Amino acid sequence: MVNIGYARVSTLDQDTSLQINALQQFGCEKIYEDKASGAKTDRPELLKAISYLREGDVLVVWKLDRLGRSMKHLIQIINDLEDHKIGFKSLTENIDTTTPGGKLVFHLFGALAQFERDLIKERTNAGLKAARDQGRIGGGPISMTDEKLKKAKEHLKNGLNVREAAARIKVSKTTLYKALNIKKSYE
């Protein structure tokens, strides 16, 4: 079993020394470090660390937010590690997926993240239904008026394509397609 460390800071003027020291004290044999925003997907050193890990090894971070861009991303990474029989430890939060208790804590985080995603989906669907009940489609402001639709139909009859007609009436191509399909179903 080998402990491999990963450290990350968000900007070039920040320093990883606090993380590196903690990872070294923990006994990490090799440490990879990135200087990139947590929101960025391009983290070459994280990819190198994951490629280096072998079955039985442990990926160690100073803090959970150093590893994942979001809870969903974090869970995805750790599940991928688990699939390859690689452990994970977060020093600050004291999470250790090599122990039954650590696995339980991490899976609780995963369940909470899934619960949050389900709530967001439920609220979004309720908002869209409320918008439909008020005669709006998609919940956003209505950019297509009957007058614009009439002009678009004239443009189409005169040989313009949908993209050109949409540009002339200052709506998106998708908005025009939706309006044409909806109006066709009522005509």
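In this chain, numbering begins with 1 at the start of the sequence shown. What you see below is based on every heavy atom in this structure, not just the backbone, and it leaves out hydrogens, waters and symmetry mates. Remember, it's a predicted structure, so these values are computed and weren't measured experimentally.
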Within the 4.5 Å heavy-atom criterion, are [X] and [Y] side-chain neighbours or not?
X	Y	answer
Leu149	Leu176	yes
Arg168	Leu160	yes
Ile77	Phe88	no
Lys150	Asp146	no
His84	Arg54	no
Asp57	Asn3	no
Ile20	Glu33	yes
Val60	Ile4	no

Look at the side-chain heavy atoms of Ile, Leu, Val, Met, Phe, Trp and Tyr, link any pair under 4.5 Å apart, and say whether [X] and [Y] land in one connected group.
X	Y	answer
Leu74	Tyr32	yes
Leu104	Leu112	no
Ile50	Val58	no
Tyr52	Ile31	no
Val162	Met144	yes

Check against side chain to side chain contact (heavy atoms under 4.5 Å, CB included), Lys148 and Val171 = CA-CA 9 Å; Lys148 284 184 178 183; Val171 299; 4.0 Å; yes

Residue Gln24 excluded, over 12 heavy atoms near CD under 6.0 Å =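 More than 12 within 6.0 Å, yes.
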
Nearest 0.5 Å please: distance from the [atom1] atom of [X] over to the [atom2] atom of [Y].
X	Y	atom1	atom2	answer
Arg8	Asp65	CZ	CG	6.5 Å
Leu81	Leu59	CG	CG	6.0 Å
Asp83	Ile78	CG	CD1	12.0 Å
Cys28	Trp62	SG	CH2	14.0 Å
Arg43	Arg66	CZ	CZ	8.5 Å
Glu29	Leu23	CD	CG	13.0 Å

For the student: nearest non-hydrogen atoms of Ala152 and Ile169, plus distance |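 Taking every non-hydrogen atom into account, CB-CD1, 3.6 Å.
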
Between Thr99 and Gly102, what is the shortest heavy-atom contact and its length?
-> OG1-N, 3.0 Å

Go through the steps to decide whether Glu45 and Lys48 satisfy the test salt bridge (charged side-chain N to carboxylate O under 4.0 Å, His left out), and finish with yes or no.
-> CA-CA 5 Å; Glu45 293 301 307; Lys48 286 180 188 175; 3.1 Å; yes

For Leu64 and Ile95, what are the C-alpha separation, side-chain angles and deciding distance, and is it a side chain to side chain contact (heavy atoms under 4.5 Å, CB included)?
-> CA-CA 9 Å; Leu64 279 174; Ile95 294 174; 3.7 Å; yes

Do Thr16 and Gln19 meet the criterion of a side-chain donor-acceptor pair at a distance under 3.5 Å?
->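 No, no side-chain donor-acceptor pair sits under 3.5 Å.
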
Could you tell me whether the side chains of Tyr6 and Asp34 share a donor-acceptor contact shorter than 3.5 Å?
-> yes

Basic-acidic side-chain contact under 4.0 Å: Asp133, Lys129 = yes

Under a 4.0 Å N-O cut-off, is there an ion pair linking Lys151 with Glu154?
-> no

Just checking, Lys89 and Phe26: is the charged tip under 6.0 Å from the six-membered ring centre and within 45° of the axis?
-> no

Test side chain to side chain contact (heavy atoms under 4.5 Å, CB included) applied to Leu180 and Lys153, step by step = CA-CA 8 Å; Leu180 289 169; Lys153 286 181 178 181; 4.0 Å; yes

Side chain to side chain contact (heavy atoms under 4.5 Å, CB included) between Leu46 and Leu67, worked out = CA-CA 8 Å; Leu46 175 59; Leu67 181 62; 3.6 Å; yes

Check: Gln25 side chain, Ala22 main-chain N or O, donor-acceptor pair, under 3.5 Å = no

